[in-house]
Protein chains: 2
Amino acid sequence: MAKPTLMDVAAAAGVSYATADRVLNRRGGVAEKSVLRVLAAIEQLGYTRDVTAANLARGRSYNYAFLIPAQAGAFFGEMRAAVKAEAKARASQRINITIEEVPAFNSDGLAEVLESCIDRDLSGICLVAIDSPRVRKAIQALRAKDVFVLTLVADTQSNSRDAYIGLDNLAAGRTAGRVLSLASRDGGVVLPIAGSLDAADHALRFKGFKQAIAFDVTVLPVIESFDRPENVAEAVRNTLEAHPNLTGIYSIGSGQNGLFIALSEVQKSATYQRPVVVLHDLVGSVRTALTIGLVDAVIDQKPDQQIARALDAMKALSDGETLPADFGTIVPSLYFQDNMPPAPADGPEQGPSL
Amino acid sequence: MAKPTLMDVAAAAGVSYATADRVLNRRGGVAEKSVLRVLAAIEQLGYTRDVTAANLARGRSYNYAFLIPAQAGAFFGEMRAAVKAEAKARASQRINITIEEVPAFNSDGLAEVLESCIDRDLSGICLVAIDSPRVRKAIQALRAKDVFVLTLVADTQSNSRDAYIGLDNLAAGRTAGRVLSLASRDGGVVLPIAGSLDAADHALRFKGFKQAIAFDVTVLPVIESFDRPENVAEAVRNTLEAHPNLTGIYSIGSGQNGLFIALSEVQKSATYQRPVVVLHDLVGSVRTALTIGLVDAVIDQKPDQQIARALDAMKALSDGETLPADFGTIVPSLYFQDNMPPAPADGPEQGPSL
DNA sequence: CATTTTTTGATATACGTCTATCATTTTGAG
DNA sequence: CTCAAAATGATAGACGTATATCAAAAAATG
């Protein structure tokens, strides 16, 4: 028996197609007993609406926009590539995706783009949030127009968006702490390096890190790089000087160049045993560092999976479903040289398919 | 401008809808120059076929079957739940999925079910392979009828199926080796426990393990449990007796009960420092063990992701696409207490949606 | 040029649903 | 019982594509 159609349901319920349709689409004006009979028939036949046919009839397509920060490191580059890949994959399913470049670290720039989206007939928008009154206001304006707003990677206030898709930073920090604790079994000394502890994500990671670190491991005062590679290289050099027995380094943020420089010096000099190094985000340069053994473990937030998840979330919201509570939580992945996933390939253009 | 339709393409190419259709669907009998004009129009307008409308018109739906071993431990239970979840999620997209129970470890039983599938009008089938002549023959018969056959978790000969979706066992073993090496920095002694090294997956994991283990770490002779918990408990006890300084245990296979028993004895006695324990598959009991700190790290093969991947693969094959080379390779995930993903919830039944 | 062959156009029906309209039946109130 | 209100039925057009048929036009053949 083929999949039942609404016609079958109507027949089974002993009503006309029109009535079955009125029930299914809650158009009202149907007697209670008829409603029940239709619902019973739906239940009994296991009817599910063919959403593809429904969308076709409604002339409905899903328009989503991603606002991705421009040129802010390799991470967002991968993110952009992932969006493009998903856009292509879903194009044949009436899902249209556009990417808007947004100036990095600039809340007014972000707000401006958001404001320009208001009359673009979008059903959802996905942004890397920077909190500011103007941004919040723009988001509210969009949501008032029934545009779903998701935050990605970085969140705003939780009541001002529909969902947040992003890394569980506390778990990420704990994982780092666990690895360095394992690697410093009988006590040890570890150095945390952050971009800035004022950034919410870095602070959370650091908090988790301290939670998970073993009691007999000494955590040195955290170094804040403020995105200046020289600072990091210098600080790592000094620390190694002062603590030749350093067992671990946790680089909490991005911008790893300074760290790489200092580490390769250590590797060459061979005066010290290299500490175990844990850092974040498996982008190109980090991938290389892991491959050649300059660092040991990488905590990744799987940008491609985040994009896919964000799209699934927006589609679900558009279809009137509600999201499970922890839908947006991305569990940190831990990669060694040994279980690195293959690098994302920007596949060649495909011709029109059959 | 809305998404272009084939009508738009025909108009742009200056031909009729019928001709554009003939080109798109390779029906033949079209002059070379017309073909070129249509293709140019497709290119220029960025036309992509609306597959949902196409499937609707074709009356096409995708019928897939999953053959999952019955009652063979919690792992396949999770797998079955994942299939059910995906089945529900894709029901509205003309994808029908059935689950067939297959007797565990029984190649004839598997073959029988396979043979019964031959005239069921399936477009794809997914099984946990057990190699035997009869199974191979059944698979060939299916493929001869244009049914795509994927293997899951366990493979057959690579030329006898369309794709294999499964864990990269070598990488999994290497990852375990890496963790135990990290945890045994200045030398150490580690104990590998396998179900049976005759099983291809266990052998591969063990091979990877040895590859990644540090040179100054001693690997004790591997214990083979042959799925008897008592053996494992006994062997672990003896090993701890003989090597009070044991730094790590790698449990290569499933059936962890014996290990858990021995470990909880150690935990209580407090005579030894508990070795670092790495094992496989984050099923219920393992999850508990990880939570209470009985074990340290779990390598997971993400059954839910495997199911999703398998479905994507079958759908892609059905649509005439070719799969990327490493499509089926599942990268092992490493979980600590700290980054455990939430347990899969068997969500409550949802009423008919809007 | 006449004839056959190839190519093209026009058009109809179908897929499962949405939306709308109009006619008809049933129900409830007075 | 009468009349309005509520409920139901019947049906048509649309969405974008697939598939088929038949006639008309263009090209190739002799």
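When reading the values below, keep in mind they use all heavy atoms of this one structure, side chains included, and skip hydrogens, waters and symmetry mates. Sequence lines set the chain letters: A, B, ... in the order given, protein chains first and strands last, and positions in each chain run from 1.
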#### Entry: Value in whole Å for how far the C1' atom of D:dC15 lies from CG of B:D8
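That distance rounds to 13 Å.
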### Query
If only atom types and distance count, is the side chain of A:Y164 paired as donor or acceptor with the main-chain N or O of A:V153 below 3.5 Å?
yes
#### Entry: Short side-chain to backbone donor-acceptor contact, A:D8 and A:T5, under 3.5 Å
yes
Enumerate all atom pairs, one protein N or O and one N or O from nucleotides 7-17 of chain C, separated by less than 3.5 Å.
{"from": "C:dT8", "atom 1": "OP1", "to": "B:S34", "atom 2": "OG", "distance (Å)": "2.1"}
{"from": "C:dT8", "atom 1": "OP2", "to": "B:A31", "atom 2": "N", "distance (Å)": "2.8"}
{"from": "C:dG9", "atom 1": "OP2", "to": "B:S16", "atom 2": "N", "distance (Å)": "2.7"}
{"from": "C:dG9", "atom 1": "OP2", "to": "B:S16", "atom 2": "OG", "distance (Å)": "3.1"}
{"from": "C:dG9", "atom 1": "OP2", "to": "B:T19", "atom 2": "OG1", "distance (Å)": "2.9"}
{"from": "C:dG9", "atom 1": "N7", "to": "B:R22", "atom 2": "NH2", "distance (Å)": "2.8"}
{"from": "C:dC15", "atom 1": "O2", "to": "B:L56", "atom 2": "O", "distance (Å)": "3.4"}
{"from": "C:dC15", "atom 1": "O2", "to": "B:A57", "atom 2": "N", "distance (Å)": "3.0"}
{"from": "C:dG16", "atom 1": "N2", "to": "A:A53", "atom 2": "O", "distance (Å)": "3.3"}
{"from": "C:dT17", "atom 1": "OP1", "to": "A:Y47", "atom 2": "OH", "distance (Å)": "2.7"}
{"from": "C:dT17", "atom 1": "OP1", "to": "A:D50", "atom 2": "N", "distance (Å)": "3.4"}
{"from": "C:dT17", "atom 1": "OP2", "to": "A:L6", "atom 2": "N", "distance (Å)": "2.8"}

### Task
Can you pull out how bent the helix from C:dC1-D:dG30 to C:dG30-D:dC1 is, comparing the axes over its first five and last five pairs, to 10°?
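Axis-to-axis angle, ends of the helix: 30°.
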With [X], which residues qualify under side-chain hydrogen bond (donor to acceptor under 3.5 Å, both in side chains), at least two apart?
{"X": "A:T52", "value": "A:D50"}
{"X": "B:S34", "value": "none"}
{"X": "B:Q93", "value": "none"}

### Task
Using a 4.0 Å heavy-atom cut-off across all strands, classify B:R27 as base, sugar-phosphate, or nothing.
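If one applies the 4.0 Å heavy-atom cut-off, B:R27 turns out to touch a base.
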### Message
What I want to find out is whether A:R120 reaches A:E100 closely enough, with some N-O distance under 4.0 Å, to be called a salt bridge.
### Response
yes
### Query
Does a side-chain heavy-atom distance below 4.5 Å link B:I95 with B:S61?
no
## Note on the structure
Residue pairs meeting salt bridge (Lys or Arg N to Asp or Glu O under 4.0 Å), one or both in residues 137-154 of chain B, sequence neighbours left out, come to B:R143-B:D162
